[in-house]
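Single-structure report; data block below.
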Amino acid sequence: MKHWIATLAAGMTAATLSAVPVTAQETIRATVIDGYPARALWVAEFTDFFIPEVDKRLAENGNYVMDWQESYGGSIVKPRGVLEGLELGLGDIGIVTTIFHSSKLPSQAIAAVTPFVSADARAVAQAVDEIAREFPAMQAEFAEQNQVYLATGVVLDSYQVFGKEPINSLSDMEGAKIAGAGMNLRYLEGIPGAAGVRGGLTDFYNMLQTGLVEDAMLWPEAAATFKIAEVAPYMLKADLGSVNSKTITVNQDYWDGLPDEVKGVLQEVAVLYRDHVAGIAMDRAAASEEAYVAAGGTIVEMSDEARAAWAASLPDIASEWAATVEDGPAMLAAYLGKLEAAGYTGVRDWSAQTN
């Protein structure tokens with residue numbers, strides 16, 4: 001009798017348990033786009049850091065799992081096409097190279113219009129990202145492009161000048177054609193006869209090789225990655241400064257359909273990615289200069305006096321920028337204040353004309 005009762009109880013327990021609904025794990029597809037190749041620092045770290053970190057955090061609750069589809073190197077969009085591609089829904093998440101979109105994303109030029117201040121990618125990344133969260137105008141620019149801002153990316157320690165011929169001073173760049181991207185072309189306005197030629201990072205090697213330009217402004221890690229020493233074996237270490245050039249964004253329609261848990265994880269990991277990539281950029285800076293020299297490059301360090309003279313020769317690009325951006329003067333003052341608090345004041349006071 002006892003055996004029969006125990007058997008009946010066990011059967012009822014099993015039946016009861018089987019009747020309890022099991023929450024199914026939901027799979028969420030995400031197409032990630034960037035026009036740059038997978039070997040680019042920020043793309044590689046999206047694959048190796050951002051995606052695994054999101055997966056790890058979602059696995060803690062087990063409610064959702066991501067199905068990542070990564071499309072880089074022009075398979076869906078070119079480097080300049082990420083902003084529009086995300087706006088149109090060609091991708092769900094992407095890394096926008098903001099320097100290509102000064103008219104649509106003017107506030108993103110805040111670090112570029114303040115050269116010669118900080119060559120610390122970590123400080124600049126944090127400062128710009130804090131500005132984006134404190135001043136609604138910056139995120140509103142992405143909203144107008146049907147996108148949600150997640151975080152700023154700084155992938156370079158400092159712009160330097162790379163040349164086909166030796167560069168020892170500003171006078172060596174007089175009359176030269178110099179490749180750049182976005183706002184940094186304005187750094188040439190104080191050099192007599194210098195002509196800026198717009199291009200992207202993936203273009204610079206061919207531009208130098210074919211003689212379209214004599215010099216190019218980029219950073220040592222990129223110079224090592226894209227083998228610039230082969231075509232421009234001379235580097236002027238001018239420390240023009242670190243700038244924000246990448247932003248992780250999400251298509252607004254896609255975002256609206258995401259569960260709150262997934263949104264929260266993406267926002268958290270985006271900030272971690274911001275600091276992770278900036279840290280790598282700084283860690284690789286010295287090693288990249290060594291790699292450049294090992295590949296046949298020569299580095300000449302610009303004196304503090306020459307850097308100050310270059311900065312003084314520029315038009316007041318900071319106040320010009322501030323006058324065209326919503327809350328520009330306040331945004332500029334807050335940004336420079338954050339850098340000063342981090343220990344960076346620069347060789348020119350870019351806030352002087354905004355008061």
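Residues: numbered from 1 along the sequence shown.
Residues F204 and F162 keep their aromatic ring centres 6.0 Å or farther apart.
In this structure, R80 is positioned above the aromatic face of F100, its NZ or CZ under 6.0 Å from the six-membered ring centre and within 45° of the axis.
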Query - Test side-chain contact (heavy atoms from CB on, under 4.5 Å) applied to H276 and F50, step by step - result: CA-CA 9 Å; H276 174 76; F50 188 98; over 6 Å; no

Query - Worked verdict on D275 versus Q126 for side chain to side chain donor-acceptor pair (under 3.5 Å) - result: CA-CA 8 Å; D275 295 337; Q126 181 175 340; over 6 Å; no

Requested in this report: Would you check, one step at a time, whether the test side-chain contact (heavy atoms from CB on, under 4.5 Å) holds for V277 with V154?
Outcome: CA-CA 7 Å; V277 170; V154 176; over 6 Å; no

Query raised in the report: Where do K246 and T97 land on the side chain to side chain donor-acceptor pair (under 3.5 Å) test, with the steps shown first?
Result: CA-CA 5 Å; K246 311 294 174 184; T97 299; 2.8 Å; yes

**Report entry** Chi angles and distances behind the side chain to side chain donor-acceptor pair (under 3.5 Å) call for Q160, D239
**Finding:** CA-CA 6 Å; Q160 314 293 357; D239 281 344; 2.8 Å; yes

Query raised in the report: Taking it one step at a time, do L332 and W321 satisfy side-chain contact (heavy atoms from CB on, under 4.5 Å)?
Result: CA-CA 9 Å; L332 178 62; W321 168 86; 4.0 Å; yes

Query raised in the report: Can you check side-chain contact (heavy atoms from CB on, under 4.5 Å) on V262 and L266, steps first, answer last?
Result: CA-CA 6 Å; V262 176; L266 290 175; 4.1 Å; yes

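Hydrophobic clustering (side-chain heavy atoms under 4.5 Å, transitive across Ile, Leu, Val, Met, Phe, Trp, Tyr) keeps I93 apart from V271. Following chains of ILVMFWY side-chain contacts shorter than 4.5 Å, one cannot reach Y234 starting from I228, and the two form parts of different hydrophobic clusters. Note on Y36 and M207: same hydrophobic cluster, where clusters join Ile, Leu, Val, Met, Phe, Trp and Tyr whose side-chain heavy atoms are under 4.5 Å apart, directly or indirectly. Under the 4.5 Å side-chain heavy-atom criterion for Ile, Leu, Val, Met, Phe, Trp and Tyr, L240 and I99 are members of the same hydrophobic cluster. Linking Ile, Leu, Val, Met, Phe, Trp and Tyr whenever their side-chain heavy atoms come within less than 4.5 Å puts I317 and V347 in one cluster.
Not one N or O on the side chain of S242 forms a donor-acceptor pair closer than 3.5 Å with the backbone of A119. A distance-only check finds a donor-acceptor pair linking the side chain of R348 to the backbone of L314 [under 3.5 Å]. With R29 contributing its side chain and Q69 its backbone, the two residues share no donor-acceptor pair below 3.5 Å. Put simply, the side chain of D92 gets close to the backbone of T31: a donor and an acceptor are under 3.5 Å apart. Looking only at distances, a side-chain donor or acceptor of Q139 sits under 3.5 Å from a matching main-chain atom of A132. Under the 3.5 Å distance criterion, the side-chain polar atoms of W350 are matched with a main-chain donor or acceptor of P115.
Hydrophobic cluster of V77: the remaining members, joined at side-chain heavy-atom separations below 4.5 Å, are I33, I76, V82, L83, L86, L88, L90, V96, L105, F142, Y149, listed by chain and number.
Atom CD1 of I51 sits about 3.5 Å away from atom CD of E70, to the nearest 0.5 Å. Here the CG atom belonging to L236 is positioned 8.0 Å from the CG atom belonging to N168, to the nearest 0.5 angstrom. Between the CZ atom of F135 and the CD1 atom of I110 there is a distance of 8.0 Å, given to the nearest 0.5 Å. Taking CG of D283 as the start and CD of E221 as the end, the distance is 11.5 Å to the nearest 0.5 Å. Interatomic distance, M235 CE to I167 CD1, rounded to the nearest 0.5 Å: 10.0 Å. To the nearest 0.5 Å, atom CD of residue E84 and atom CD of residue Q147 are 10.5 Å apart.
A311 approaches F116 most closely through the heavy-atom pair CB-CD1, 3.6 Å. Across all non-hydrogen atoms, the minimal contact from P329 to A322 is CD-O, 3.5 Å. The shortest heavy-atom contact between K177 and G211 is NZ-O, 3.8 Å. When all heavy atoms of M331 and S107 are compared, the pair lying nearest together is SD-CB, 4.1 Å. For K237 against I299, the heavy-atom pair with the smallest separation is CB-CG2, 4.1 Å. Taking each heavy atom of A127 and L339 in turn, the nearest pair found is CB-CD2, 4.2 Å.
The side chain to side chain donor-acceptor pair (under 3.5 Å) check on W310 picks up nothing, with sequence neighbours excluded. Scored by the side chain to side chain donor-acceptor pair (under 3.5 Å) test, S171 finds S169 as partners (sequence neighbours excluded).
With contacts defined as side-chain heavy-atom distances shorter than 4.5 Å, the pair F49/L272 qualifies. Contact check for S245 versus V155: side-chain heavy atoms found under the 4.5 Å cut-off. Q145 has its side chain out of reach of Q252: every pair of non-hydrogen atoms, C-beta onward, lies at least 4.5 Å apart. Residues V243 and N184 have side chains not in contact (no heavy-atom distance under 4.5 Å, counting atoms from C-beta outward). Side-chain contact between I28 and Y254 is present, with at least one heavy-atom pair separated by less than 4.5 Å. Proximity of W255 to L150: side-chain heavy atoms (C-beta onward) are separated by under 4.5 Å at one or more points. Contact of the E141 side chain with the H101 side chain is not registered, since no non-hydrogen atoms from C-beta on lie closer than 4.5 Å. Side-chain contact between L188 and M217 is present, with at least one heavy-atom pair separated by less than 4.5 Å.
Crowding of E165 atom CD: a count of heavy atoms from other residues, nucleotides or ligands under 6.0 Å not exceeding 12.
With salt bridges taken as basic N to acidic carboxylate O contacts below 4.0 Å, one links E53 and K56.
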